[in-house]
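Scope of the values below: all heavy atoms of this structure, side chains included, with no hydrogens, waters or symmetry mates.
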Amino acid sequence: MSFPLLTVTAVVPAAGAVVTAAVPAARKTAAKYTALLFALATLVLAAVVLVRFDPDGARYQLTESHAWIKDFGLRYDLGVDGIGAVMVALTALLIPFVMLAGWHDADPLEETSRRWRPTQGFFALILLVEAMVVLSFEATDVFLFYIFFEAMLIPMYFLIGGFGDRAHAAGEEEAARQRSYAAVKFLLYNLAGGLIMLAAVIGLYTVTAHQLGTGTFSLPEILQARADGKLDIATSTERWLFLGFFFAFAVKAPLWPLHTWLPNAMGESTAPVAVLITAVVDKVGTFAMLRFCLQLFPEASKWATPVILVLALISIVYGALLAVGQRDIKRLIAYASVSHFGFIILGIFAMTSQGQSGATLYMVNHGISTAALMLVAGFLITRRGSRLIADFGGVQKVAPVLAGTFLIGGLATLSLPGLAPFVSEFLVLVGTFSRYPAIGIVATLGIVLAALYVLVLYQRTMTGPVKAGIEGMSDLKARELLVVAPLIALLLFLGVYPKPVTDIVNPSVHHTLSDVHKTDPKPALEAKK
């Protein structure tokens with residue numbers, strides 16, 4: 001038996017969560033370094049997955065397949081295509097930065113009990129989320145994916161509700177109430193989507209059992225049966241199943257109008273947990289649209305495309321407009337993410353190679369750029385003790401490195417040429433223009449609004465006279481620079497040379513387009529005489 005690399009890549013952070021949680025209460029620093037060690041080990045394994053993946057090889061590689069519950073067709077099936085391999089690498093890359101940025105976020109303000117272990121719990125929950133997300137990107141059995149898709153909600157619920165932002169304008173009691181509200185809203189929205197998806201998963205199994213004689217949840221088996229003509233899902237049935245899957249993924253993504261849980265969750269979380277939400281967990285939703293919606297239900301995907309494109313367009317403009325009007329730094333970044341996810345979904349359902357390659361690249365670049373901006377914003381908020389934009393001003397005069405890194409993160413968010421998100425946003429718009437020019441034109445409004453909310457945010461917080469409470473603000477320390485510098489380096493590198501990522505994901509994009517029987521539209525050029 002070959003080495004189960006994909007399983008080990010997920011087991012290491014899960015084991016790390018158990019070990020970290022078991023560290024004695026008084027050994028907070030030891031717990032942090034233990035968790036960081038396991039996160040770095042996972043990063044090494046994810047790098048091995050990326051190196052061993054052959055873009056010119058089989059569609060799903062490093063596969064593992066074991067019988068689980070034979071009577072119900074349940075199997076433990078793992079495998080990664082190019083998109084999955086890249087997303088596993090992104091997840092493993094961001095987790096160490098999340099931990100370093102939140103190094104002191106869960107330290108108790110005072111010791112109330114030798115058994116109270118918030119630091120150990122905080123870092124253990126982060127590792128547990130990482131394990132669930134990695135397995136979601138690796139699972140090729142639909143039911144197995146569903147289990148991890150839902151399981152990640154539990155540790156995220158405790159991270160949002162139990163470890164909120166200490167820089168809160170309200171008193172501690174009101175802050176705790178708002179954290180609880182945000183955590184419950186996050187859980188209820190995502191559980192509702194998951195329950196609807198569960199009904200669709202059961203429906204898919206019933207269809208395969210009826211037509212193939214034996215029910216299956218295996219994605220490769222279902223795709224092969226369709227290719228061989230053995231599985232032919234009725235049009236109405238396929239559309240209902242598609243809607244069940246898509247609804248759950250649209251909640252997770254989040255797509256308008258199912259997005260309202262995100263600003264609450266990100267606003268009430270610590271900055272590292274906010275990054276975990278939008279840069280890691282939410283990517284499972286857009287990834288699943290590519291892997292499951294388009295591949296399992298090609299006809300229904302094309303049928304729903306016009307409505308989904310309109311919803312994505314609303315997300316782009318609506319999220320950007322609300323970001324412009326925000327007074328809270330973290331909620332501004334949250335609404336900006338709603339706009340960016342609109343671009344990702346727009347690229348996916350434009351059904352062009354440029355659009356889907358751009359959407360996949362956007363998932364990577366958005367993860368890095370949002371991590372950079374939000375983590376620097378977290379450092380800024382911690383120093384001032386406030387999230388309100390009005391409480392800042394003149395920061396660049398007292399903390400120039402902090403202001404400079406904040407500017408680079410903001411410029412990446414508005415997709416400035418030379419920084420990574422520009423390439424992905426450009427590809428999404430090119431892919432959309434080639435098939436839906438009117439939608440592409442309206443989507444460019446999101447670029448204009450992004451420039452507005454980012455530059456106004458920088459102007460109000462970093463420039464002008466130094467406000468009261470800012471005078472003694474310290475600049476970035478060594479640990480904080482260790483968090484920010486690699487992210488900025490990646491933004492610059494992928495901004496000028498995205499080829500390492502596109503070379504891996506492009507074959508998977510072509511496979512997906514083939515599944516939905518779509519080809520790139522040819523330019524309408526009149527022959528010159």
Side-chain angles (χ1 to χ4, degrees), residues 101 165 167-169 262-264 266-272 274-275 277-279 315-343 365-366 368-417 419-422 425 445-470 473 475-476 480 484 487-488 491:
D165 192 352
H168 207 292
L262 182 67
N264 294 100
M266 289 183 66
E268 300 306 321
S269 301
T270 65
V275 170
I277 294 169
T278 191
S315 289
I316 292 169
V317 178
Y318 175 82
L321 283 172
L322 287 185
V324 171
Q326 289 304 306
R327 297 181 296 171
D328 182 307
I329 295 175
K330 290 203 293 186
R331 288 179 71 90
L332 185 151
I333 298 172
Y335 279 112
S337 289
V338 172
S339 182
H340 294 149
F341 274 101
F343 275 109
N365 293 336
H366 173 264
I368 299 170
S369 62
T370 299
L373 181 60
M374 179 60 86
L375 294 180
V376 176
F379 300 149
L380 181 70
I381 290 167
T382 300
R383 283 163 166 75
R384 179 64 179 86
S386 173
R387 299 171 357 206
L388 298 179
I389 297 172
D391 290 338
F392 294 87
V395 174
Q396 67 182 13
K397 296 178 180 178
V398 297
V401 177
L402 190 156
T405 53
F406 189 82
L407 177 61
I408 295 174
L411 293 176
T413 297
L414 64 83
S415 300
L416 184 77
L419 295 173
F422 169 77
E425 197 165 277
L445 180 60
I447 302 175
V448 178
L449 292 173
L452 180 61
Y453 62 69
V454 167
L455 295 178
V456 168
L457 173 64
Y458 183 84
Q459 180 189 36
R460 292 178 177 175
T461 56
M462 302 296 165
T463 65
V466 178
K467 283 201 172 183
I470 301 296
M473 181 176 288
D475 215 334
L476 293 183
E480 296 165 335
V484 178
L487 295 174
I488 291 176
L491 289 173

Are [X] and [Y] close enough that some pair of their side-chain heavy atoms sits under 4.5 Å apart?
X: Leu375; Y: Pro272; answer: yes
X: Val324; Y: Val456; answer: no
X: Leu373; Y: Phe406; answer: yes

Would you name the heavy atoms of [X] and [Y] that are closest together and state the gap between them?
X: Asp475; Y: Arg383; answer: O-NH2, 2.8 Å
X: Ala320; Y: Ser339; answer: N-CB, 3.8 Å
X: Ala412; Y: Leu491; answer: CB-CD1, 3.8 Å
X: Val484; Y: Phe379; answer: CG2-CE1, 3.8 Å

- Item | From CA spacing to verdict: side-chain contact (heavy atoms from CB on, under 4.5 Å), Lys467, Phe392 | CA-CA 6 Å; Lys467 283 201 172 183; Phe392 294 87; over 6 Å; no
- Worked verdict on Met473 versus Leu380 for side-chain contact (heavy atoms from CB on, under 4.5 Å): CA-CA 9 Å; Met473 181 176 288; Leu380 181 70; 3.9 Å; yes
Measuring from atom [atom1] of [X] to atom [atom2] of [Y], what distance do you get when rounded to the nearest 0.5 angstrom?
X: Leu476; Y: Leu402; atom1: CG; atom2: CG; result: 4.5 Å
X: Ser369; Y: Leu414; atom1: OG; atom2: CG; result: 10.0 Å
X: Leu388; Y: Arg327; atom1: CG; atom2: CZ; result: 7.0 Å
X: Leu411; Y: Ile488; atom1: CG; atom2: CD1; result: 10.5 Å
X: Leu407; Y: Thr463; atom1: CG; atom2: OG1; result: 11.0 Å
X: Glu480; Y: Thr382; atom1: CD; atom2: OG1; result: 8.0 Å

Side-chain donor-acceptor pairs of residues 446-453 under 3.5 Å, sequence neighbours excluded:
none

- Quick one: does Lys397's side chain have a donor or acceptor within less than 3.5 Å of a partner on Met462's backbone?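 No; judged by distance alone, with no hydrogens or angles, the pair does not exist.
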- Would you sort out whether Phe422 and Leu416 count as a side-chain contact (heavy atoms from CB on, under 4.5 Å), showing the intermediate values? CA-CA 6 Å; Phe422 169 77; Leu416 184 77; over 6 Å; no
- Check the pair Val398, Ile470 against side-chain contact (heavy atoms from CB on, under 4.5 Å), reporting the backbone distance first and the verdict last. CA-CA 8 Å; Val398 297; Ile470 301 296; 3.8 Å; yes
- Can you sort out the partners of Thr405 under side chain to side chain donor-acceptor pair (under 3.5 Å), two or more places apart, ordered by chain and number? none
Side chains of residues 328-337: which donor-acceptor pairs under 3.5 Å do they make with residues two or more places apart or in other chains?
| residue | atom | partner | partner atom | Å |
| --- | --- | --- | --- | --- |
| Asp328 | OD1 | Lys330 | N | 2.9 |
| Asp328 | OD1 | Arg331 | N | 3.2 |
| Asp328 | OD2 | Arg387 | NE | 2.9 |
| Asp328 | OD2 | Arg387 | NH2 | 2.8 |
| Lys330 | NZ | Asp165 | OD2 | 2.8 |
| Lys330 | NZ | Ser269 | O | 2.2 |
| Ser337 | OG | Thr278 | OG1 | 3.3 |
| Ser337 | OG | Ile333 | O | 3.2 |
| Ser337 | OG | His366 | NE2 | 3.3 |

